[in-house]
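Everything below concerns the one structure shown next.
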Amino acid sequence: MSESHALDGAHRHCQSLQDALGRFRRDGLGRIADWAVHLAGVLPGGGRLLAAGNGGSAAQAQHLTAELVGRYRRERPAFSAISLHAETSSVTAIGNDYGFEHVYARQVAAHGRPGDVLVLMSTSGRSANLITAAVAGRAAGMRVWAMTGPGPNPLAEAADDALCIDADTTATVQEAHLVAVHLLCESFDTVISHSPAPTAAAAAPARAVAAHRSVS
């Protein structure tokens, strides 16, 4: 009897994931493609991606940055991507001195530059430290993207754009987020493989203009 119940639960979980991915495929793939095109205009020119999350979403954010610094499938240059939660000394120092709500916002203020991208992942879309980070990112001139569970939610509203996964459970949202991370990396690689590589001379002025704007 217990084995039958376990199997029924596994089938229900798989069906929930299949349904969520079907909705994501129908409603979210265009957003992922848009993000990939935008990212391909930022990272090869010297821009940076910052990412953060809590718990399982922190692991998902770190998965994304690892794929960009290392590689996804094909060989390509390394790109600048930092997982803010992995800066453990900064996280604990900021949490101790300013409170947990500011552990990411403080780092965004330190590392984010105009034109950079900030990716924030939350199954609920209600984590105060991520909402505060989104506000800090937009104030710094960054492009802020959120991956959340069902919308509307406060994090999606605080970001420039959001992918809201319509699913019933936290586990299913996180599983769909992993698919979204892989699709973003795959689409990004596809775009840059068909784009001319920026020269150092072209990249430097772009970053210099961004830096000038940040102090003007």
Using a 4.5 Å cut-off on heavy atoms from C-beta on, say whether the side chain of His38 contacts that of Val117.
yes
Going by atom type alone, with no hydrogens or angles, which donor-acceptor pairs under 3.5 Å involve a side-chain atom of residues 86-99 and a protein atom two or more places apart or on another chain?
| from | atom 1 | to | atom 2 | distance (Å) |
| --- | --- | --- | --- | --- |
| Thr92 | OG1 | Thr88 | O | 2.9 |
| Thr92 | OG1 | Ser89 | O | 3.1 |
| Tyr98 | OH | Arg106 | NH2 | 3.1 |

Side-chain contact test, heavy atoms from C-beta onward, threshold under 4.5 Å: evaluate it for Thr190 versus Arg74 and give yes or no.
yes
Using modelled atom types and a 3.5 Å cut-off, is there a donor and acceptor pairing between side-chain atoms of His85 and backbone atoms of Ala52?
no
Whether the side chain of Asp116 engages the backbone of Arg113 through a donor-acceptor N/O pair (distance < 3.5 Å, no angle test) should be reported.
yes
Under 4.0 Å between a side-chain nitrogen and a carboxylate oxygen: does that hold for Glu75 and Arg71?
yes
Hey, is the main chain of Asn129 close enough, under 3.5 Å, to the side chain of Thr132 for a donor-acceptor pair?
no
Check for a donor-acceptor pair, side chain of Gln107 on one end and backbone N or O of Leu84 on the other, with a separation under 3.5 Å.
yes
Could you tell me whether a side-chain N or O of Arg138 sits under 3.5 Å from a main-chain N or O of Val144, the two making a donor and an acceptor?
no
Would you call the rings of Tyr72 and His182 parallel, tilted or perpendicular if under 30° counts as parallel and over 60° as perpendicular?
tilted
For residues 15-29, run the donor-acceptor check on the side chains, cut-off 3.5 Å, and write out each pair with its distance to 0.1 Å, sequence neighbours left out.
| from | atom 1 | to | atom 2 | distance (Å) |
| --- | --- | --- | --- | --- |
| Gln15 | NE2 | Asp19 | OD1 | 2.9 |
| Ser16 | OG | Thr172 | OG1 | 3.4 |
| Arg23 | NE | Asp166 | O | 3.1 |
| Arg23 | NE | Asp166 | OD2 | 3.4 |
| Arg23 | NH2 | Asp166 | O | 2.7 |

Would you call Asn153 and Cys164 a side-chain contact if the rule is heavy atoms closer than 4.5 Å?
yes
Can Val179 be reached from Leu184 by stepping across I, L, V, M, F, W or Y side chains whose heavy atoms are under 4.5 Å apart?
yes
Would you call Asp189 and Arg73 a salt bridge, taking side-chain N to carboxylate O under 4.0 Å as the test?
no
Check: Gln60 and Leu178 side chains under 4.5 Å, non-hydrogen atoms
yes
Would you say the side chains of Trp145 and Asp160 form a donor-acceptor pair under 3.5 Å?
no
Can you confirm whether Cys185 sits close enough to Leu64 that some side-chain heavy atom of one is under 4.5 Å from a side-chain heavy atom of the other?
yes
